[in-house]
Amino acid sequence: MIFVAFGLSIAGAISICRELAVKSECEAFGRVWTKAILSEYDQPLLEDYGLMAYFGNDWEVTDKVEYYMDYSMADRLGIDMGGANADLTGYELGDPDNFSDALKKSLTAKVIGDIANGRGRRERTEKLGLDDIGDEESSGSETGRVIRNKVVLDTLPSGGIKSSYSPDSLAERAKSIGSSDGIKNAVASAGSEVLFIGKHFDNAVTYASDKDSYFRNEWEYVIKGSPDDSENLKSVKRTIFLMRNALNLVSIYKDPNKVKLIISVAESITPGPLGLATQLIIAEAWALLETREDMKTLLDGGRVPILKGADEWQTGLGGVLDGDEVKDKLDDESKALLDEKRGELDKLNGIADKIKDIKDGLSYDDHLMIMILAMDERVRLLRIMDLVQINMKYRYYRDFNMMEYYVGTRFTLEANRRTYEFEDSYN
């Protein structure tokens, strides 16, 4: 009896040791297999955007794990293998929360510093015209691509979501930012998606990468969200135009000399109570004329102050009085007086039309960044996801879809009627 008891004890100990060994092997191999699956990340996605994700689905990952089990554990310790089951739900790159986490991991401290200080971006050599403002003939450089494929449009992460804001609110935001240094500080403290835009996407005036993108005007797409590249540019230019016009009108009324000059001219051509309306017409026309010069400067890669001082003004009142913006809104008597006193008004004006070389102020990029910072964060993130998906389709895979790429893995495997669970993601 003692011998039998001793033998049973040994057999039990061997069985327990074998179960412990099986458990240890399953846990060790399972952790290795999660790393093996994650190691199959898409290289173009990593190289172009710093995003780590692998292509797959539940059954493909299940097949891989079962293959690893057969290769590593078959005929070892008499293991009774019951198979594997993968469930990747919740790890899709197309989930905005997952994409946002992956985006944050792609940005290093050095990259954040470079983007915040505007390093790494280059100015385009070709310049744009003002055709959508009605001031210039089209230069032909705004012809852009249009996405018409319904399947491509329907599978975009944003789903065509819209957003809007008023030029006046943007003008107030520009005044609160105050300067180009204010823009840098705002960008540095903004969400990681704003920094991602600066690092990877191009716009009409500057570009970040030599890689060909489907849209030329990517910042403009983030703001507008149209599948028509030209429409995005035109919409943004109109918004900047209205924003600058509002700021220039404020600058006029903040300058006592300009206000005095406008009142004097208005009283000369429209005596009496109606002179107040003429003052407004002249001020608005002057702001409009100045804004057109501002747009030319911005599209040429220059800078424009948010609120201008007297020495930063690019136009004189003479050009305003000669333009149709004023004449078309005056009555016949005022037009006659304007023509009659034109030479006298030039002496009163005393300001020659001239263009200043402004060293400080906001660039085209800065004006776009004000709009990007003012956007709804969710809409901004979804449109970033759109651009990544569009460019991956354009550069590498025509059927690229973020919902088929994963940032983590989860599976179970069964051995000796016990279930082991494994889960891991990119860190």
Side-chain angles (χ1 to χ4, degrees), residues 96 99 121 124 128-136 138-139 141-150 152-174 183 186-187 190-191 193-208 213-246 291 294-295 298-299 362-391 393-394:
F99 183 89
R121 298 194 66 81
R124 295 186 186 274
L128 299 176
L130 303 181
D131 59 296
D132 60 288
I133 299 172
D135 218 42
E136 302 279 333
S138 175
S139 64
S141 60
E142 294 187 25
T143 301
R145 295 186 171 113
V146 182
I147 299 177
R148 294 188 174 89
N149 188 303
K150 191 173 186 303
V152 173
L153 293 174
D154 289 344
T155 55
L156 288 178
S158 72
I161 191 171
K162 304 295 183 184
S163 64
S164 63
Y165 31 67
S166 70
D168 288 339
S169 67
L170 293 174
E172 289 300 319
R173 193 175 185 92
I183 286 284
V187 170
E193 66 270 12
V194 175
L195 300 170
F196 190 87
I197 291 169
K199 176 173 174 56
H200 294 292
F201 297 144
D202 306 336
N203 63 50
V205 174
T206 64
Y207 64 100
S213 299
Y214 187 81
F215 288 142
R216 168 196 169 104
N217 309 304
E218 294 181 305
W219 286 30
E220 292 84 348
Y221 176 86
V222 172
I223 296 167
K224 172 65 176 175
S226 170
D228 185 332
D229 199 25
S230 295
E231 177 57 33
N232 290 322
L233 176 58
K234 290 177 181 179
S235 175
V236 167
K237 285 167 66 177
R238 283 193 295 268
T239 302
I240 295 177
F241 188 91
L242 294 172
M243 177 171 63
R244 286 254 33 107
N245 193 65
T291 300
D294 289 346
M295 291 302 297
L298 291 174
L299 295 173
L362 302 187
S363 64
Y364 179 81
D365 281 21
D366 293 335
H367 282 81
L368 262 60
M369 192 54 70
I370 290 173
M371 288 186 265
I372 289 171
L373 290 169
M375 291 183 67
D376 178 86
E377 294 180 6
R378 187 74 169 182
V379 175
R380 183 171 61 205
L381 178 63
L382 290 172
R383 289 183 181 164
I384 291 172
M385 295 170 68
D386 285 354
L387 288 174
V388 171
Q389 182 160 302
I390 290 168
N391 284 335
K393 283 179 180 289
Y394 177 60

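Just so it is clear, the values below take in all heavy atoms, side chains as well, and ignore hydrogens, waters and symmetry mates. Computed from a predicted model, the values in this text were never measured in an experiment. The residues of the chain are indexed from 1 along the displayed sequence.
The heavy-atom pair separating Val146 from Tyr214 by the smallest distance is O-OH, 3.2 Å. When all heavy atoms of Glu220 and Asp202 are compared, the closest pair comes out as OE1-O, 4.3 Å. The heavy-atom pair separating Arg173 from Leu373 by the smallest distance is NH2-O, 3.4 Å. Taking each heavy atom of Thr206 and Arg124 in turn, the nearest pair found is O-NE, 4.0 Å.
The side-chain heavy atoms of Phe241 and Val236, taken from C-beta on, include no pair separated by under 4.5 Å. Side-chain contact between Leu233 and Lys224: absent, with no pair of heavy atoms (C-beta onward) separated by less than 4.5 Å. By the 4.5 Å heavy-atom criterion applied to side chains, Thr239 and Met371 are counted as neighbours. In this structure, the side chains of Phe196 and Phe201 come closer than 4.5 Å at one or more pairs of heavy atoms. Using a 4.5 Å heavy-atom cutoff, the side chains of Ser158 and Met385 are not in contact. Residues Asn217 and Asn203 have side chains not in contact (no heavy-atom distance under 4.5 Å, counting atoms from C-beta outward).
For the pair Asp229 (side chain) and Arg216 (backbone), a donor-acceptor distance under 3.5 Å is present. In terms of modelled atom types and a separation under 3.5 Å, the side chain of Asn245 and the main chain of Leu242 share no donor-acceptor contact. Between the side chain of Trp219 and the backbone N or O of Leu368 there is no donor-acceptor pair closer than 3.5 Å. A donor-acceptor contact shorter than 3.5 Å is absent between the side chain of Ser235 and the backbone of Asn232. Judged by distance alone, with hydrogens and angles left aside, the side-chain atoms of Arg244 form no donor-acceptor pair with the main-chain N or O of Thr291 at under 3.5 Å.
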Tell me, with the steps shown, if Glu231 and Arg238 meet salt bridge (charged side-chain N to carboxylate O under 4.0 Å, His left out). CA-CA 11 Å; Glu231 177 57 33; Arg238 283 193 295 268; 3.3 Å; yes
Using side-chain contact (heavy atoms from CB on, under 4.5 Å), reason through Val205 and Leu298 one step at a time and then give a plain yes or no. CA-CA 9 Å; Val205 174; Leu298 291 174; over 6 Å; no
side-chain contact (heavy atoms from CB on, under 4.5 Å), that's the test. Do Leu387 and His200 meet it? Break it down for me. CA-CA 10 Å; Leu387 288 174; His200 294 292; over 6 Å; no
Please step through side-chain contact (heavy atoms from CB on, under 4.5 Å) for the pair Met375 and Arg383, ending with a clear verdict. CA-CA 11 Å; Met375 291 183 67; Arg383 289 183 181 164; 3.7 Å; yes
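Phe215 contributes atom CZ, which lies 6.5 Å from atom OH of Tyr221 (distance to the nearest 0.5 angstrom). Of the inter-residue distances, the one linking Arg121 atom CZ with Asp365 atom CG reads 5.0 Å to the nearest 0.5 angstrom.
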